[in-house]
Chemist: 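Have a look at this one.
A, B, ... follow the sequence lines: proteins, then strands. Residue 1 opens every chain. Bear in mind the structure is a predicted one, so any value in this text is a computation, not a measurement.
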Amino acid sequence: MSEFNDKVYEIVRRIPYGRVMTYGQIAALMGIPRAARAVGWALHAVAPEAQVPCQRVVNRYGGLAAGYGWGGQLAHRLELAAEAVEISDDFIVDLSKYQWWPEENVLPELQLSPYKRDELDRNLPVNEERLSYSTRRSKPKMPR
DNA sequence: ATATTGACCAGTT
DNA sequence: TAACTGGCCAATA
């Protein structure tokens, strides 16, 4: 049980019913903008009893996880569809419709000040500008 | 004790 | 457009 994983779970538990966040978005919130992959791994390793709504996390295109639990994309789709989220035939959800961003006032509450910031390179400042960038930017089409 | 591997991502070639 | 690169971190080997 690492501090990193626990923080990921804490954030994911905040995602409301029927909404989604991306791996990269969560990493950015934690102050480690490039740790999206590690976020994915944390969810991969989540214990079933941990009560973490993993189905509410998708990739930057809105795509569902191929390696989701034991059931893969199909399982992911079922769990998300159960929350009335629309999913296309190619396992994509519309981020412009369903992506969620926490209110700013929860950030201090979650103690989301940059994690291990001093160990990171300083060229990648973590600030509101960068965070909003990740939601504002239009995503490219999911590659085949 | 070290090396490799992913539910990823953005920038560069 | 597509392929490659480096970065993250915990779990495997």
Chemist: Using atom P of each nucleotide, how far apart are B:dA7 and C:dA13 to the nearest Å?
Modeler: 14 Å
Chemist: Can you tell me how far P in C:dT5 sits from the matching atom in B:dT4, rounded to whole Å?
Modeler: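 Taking atom P in both C:dT5 and B:dT4, they lie 16 Å apart.
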Chemist: State yes or no: do A:Y68 and A:L78 share one hydrophobic cluster built from I, L, V, M, F, W and Y residues joined by side-chain heavy-atom distances below 4.5 Å, directly or via other members?
Modeler: no
Chemist: Between C:dC9, B:dC9, C:dA10, spot the one nearest the side chain of A:T22, thanks.
Modeler: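 Looking only at side-chain atoms, A:T22 lies closest to B:dC9.
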Chemist: Cation over ring, A:R60 on A:Y23, under 6.0 Å and within 45°?
Modeler: no
Chemist: What are the two closest heavy atoms between A:N5 and A:A42, and how far apart are they?
Modeler: OD1-CB, 3.2 Å
Chemist: Rounded to the Å, how far apart are A:I11 CD1 and B:dC8 P?
Modeler: 18 Å
Chemist: Measure the distance from OH on A:Y23 to P on B:dA10 and round it to the nearest whole Å.
Modeler: 14 Å
Chemist: In whole angstrom, what separates A:R34's CZ from C:dC9's P?
Modeler: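 Nearest whole value for this atom pair: 10 Å.
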Chemist: Residues in side-chain contact (heavy atoms from CB on, under 4.5 Å) with A:E83, at least two apart?
Modeler: A:Y17, A:Q55, A:R56, A:L80, A:V85
Chemist: What's the CD-P distance between A:E3 and C:dA10, to the nearest Å?
Modeler: 9 Å
Chemist: Scan side-chain atoms only and decide if A:Q51 and A:Y9 contain a donor-acceptor pair under the 3.5 Å cut-off.
Modeler: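 No, no side-chain donor-acceptor contact under 3.5 Å.
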Chemist: Output the rounded distance in Å from CZ (A:R56) to C1' (B:dA7).
Modeler: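 From A:R56 CZ to B:dA7 C1': 17 Å.
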Chemist: Of all heavy-atom pairs between A:Y61 and A:L95, which one has the smallest distance, and what is that distance?
Modeler: C-CD1, 4.0 Å
Chemist: So which nucleotide from C:dC8, B:dA7, B:dA10 ends up closest to the side chain of A:R60?
Modeler: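 Output: B:dA10.
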Chemist: Rounded to whole Å, how long is the line connecting atom CG of A:L29 with atom P of B:dC8?
Modeler: 19 Å
Chemist: Looking at DNA chain C, which of residues 36-43 of chain A put a heavy atom within less than 4.0 Å of it?
Modeler: A:R37, A:A38, A:W41
Chemist: Do A:F4 and A:V12 belong to the same hydrophobic cluster, where Ile, Leu, Val, Met, Phe, Trp and Tyr are linked whenever their side-chain heavy atoms lie under 4.5 Å apart, directly or via other members?
Modeler: yes
Chemist: Atom OH of A:Y9 to atom P of C:dA10: distance rounded to whole Å?
Modeler: 10 Å
Chemist: In whole angstroms, how far is the C1' atom of C:dA10 from the CD1 atom of A:I26?
Modeler: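 Atom-to-atom, A:I26 to C:dA10, this comes out as 16 Å.
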